[in-house]
Amino acid sequence: MKGSLLYEGKAKKVYAITDQPERLILSYKNDATAFNGKKKDQFEGKGRLNNLITSKLFDYLHQQQLPSHFIEALNDTEQVVQKTTIIPLEVVVRNVAAGSITRRLGIEEKTRFTPPIIELFYKEDELDDPLINDVHAYHLTDISEKELSFIKEQALLVNEHLIQLFKDVGLELVDFKLEFGRLKDGSIVLADEISPDTCRLWDLETGKKMDKDVFRENIGDLVETYEAILQRLEEYTCAK
Ligand code: TMP
Ligand code: ASP
């Protein structure tokens with residue numbers, strides 16, 4: 001049974017589960033924020049779309065023997081996950097230049113990165129989530145060098161699997177952000193969400209942006225766009 005509200009973030013609420021102290025319920029909200037909360041709006045149906053898309057992607061990763069905190073979708077807007085303590089790092093993987101790297105380093109949008117670039121950001125709203133290096137991460141979080149290597153390996157594996165999955169549904173995986181958490185036994189596991197809020201996806205045929213950039217840049221309808229992503233993933237998983 002759903003227990004008390006433990007935490008509310010920008011996109012999700014986290015609830016305890018009575019009698020299951022090692023599990024949590026993540027409840028996806030309809031809020032959209034960008035630029036560290038400076039741009040805000042609400043979209044009816046967004047919570048459902050991100051919950052269902054994240055559930056499909058974590059299910060797919062499990063099928064590829066890639067573990068995460070995800071257990072199952074509970075209903076349209078909620079999912080059950082293993083309880084973790086989130087490590088305050090945003091692990092960004094980039095296959096193609098877009099977003100902050102174009103502004104920060106003057107790299108032209110669409111430039112390809114082979115091998116992919118991994119960037120670490122320190123998850124701290126008050127500091128605007130600054131870009132940090134590995135040694136900063138050892139100081140700012142409790143992870144060891146070995147654990148950071150593991151996190152990077154996992155992030156690159158997620159990248160390989162998701163590049164293929166999205167390619168199969170006509171999308172290019174440009175970049176994405178992952179978060180990792182620590183289970184009760186201290187081990188580190190992929191956590192949080194993977195959705196069009198946290199990935200950049202470009203239509204392979206038209207190049208059209210099909211992710212949160214439609215909201216960030218006011219260039220399209222967020223709900224229609226996320227609905228199209230869910231539909232493509234559903235058709236793909238039905239066909240398999
Ligand atoms: P960026 O280009 O703004 O650094 O974003 C890189 C990727 O990470 C992009 O797919 C969006 C995602 N992301 C988040 O999920 N949360 C964030 O807070 C930020 C800044 C980026
Ligand atoms: N999600 C972040 C925020 O709420 C940043 C972004 O994705 O642009 O500000």
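Whatever order the structure lists them in is the order used to number ligands and atoms, beginning at 1.
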- Message: For K10, run the salt bridge (Lys or Arg N to Asp or Glu O under 4.0 Å) check against D125, D31, D192 and tell me which one passes.
- Response: D125
- Message: Minimum distance, heavy atoms only, to atom 2 (O) of ligand 1: which one of C199, S100, A97 is it?
- Response: S100
- Query: Does NZ or CZ of K39 come closer than 6.0 Å to the centre of the six-membered ring of F215, within 45° of the ring's axis?
  - Reply: yes
- Ligand-side contact atoms (ligand 1) for residue partner A98, heavy atom cut-off under 4.0 Å: 2 (O)
- So is R94 in contact with ligand 1, going by heavy-atom distances below 4.0 Å? yes
- Message: side chain to side chain contact (heavy atoms under 4.5 Å, CB included) for I117 and V93? Distances and angles first, verdict last.
- Response: CA-CA 6 Å; I117 294 180; V93 180; over 6 Å; no
- Note on the structure: The answer for which part of E90 has a heavy atom under 4.0 Å from ligand 1 is side chain
- Message: At under 4.0 Å between heavy atoms, is it the side chain or the backbone of D197 that contacts ligand 1, or both, or neither?
- Response: backbone
- Query: Should R216 be listed as contacting ligand 1, given a heavy-atom distance under 4.0 Å as the test?
  - Reply: yes
- Under the criterion salt bridge (Lys or Arg N to Asp or Glu O under 4.0 Å), which of K110, R112, K167, R200 is the partner of E172? R112
- Give the intermediate values and the outcome of side chain to side chain contact (heavy atoms under 4.5 Å, CB included) for residues L162 and L165. CA-CA 5 Å; L162 293 188; L165 170 66; 4.1 Å; yes
- Can you find a heavy atom in the side chain of H139 that is under 4.5 Å from one in the side chain of I132? no
- Query: Are any of the N/O atoms in R103 less than 3.5 Å from those in ligand 1?
  - Reply: no
- Identify, by atom number and element, the atoms of ligand 1 in contact range of G99, meaning under 4.0 Å from any of its heavy atoms. 2 (O)
- Message: Out of all atoms in ligand 1, which are within 4.0 Å of some heavy atom of T198? Include the element for each.
- Response: 10 (O), 12 (C), 15 (O)
- Quick one: which ligand 1 atoms are inside 4.0 Å of a heavy atom on F176? 10 (O)
- Message: What verdict does the side chain to side chain contact (heavy atoms under 4.5 Å, CB included) test give for V91 and L120, after you've listed the backbone C-alpha separation in whole Å, the side-chain angles of each residue and the deciding distance to 0.1 Å?
- Response: CA-CA 5 Å; V91 180; L120 302 177; 4.0 Å; yes
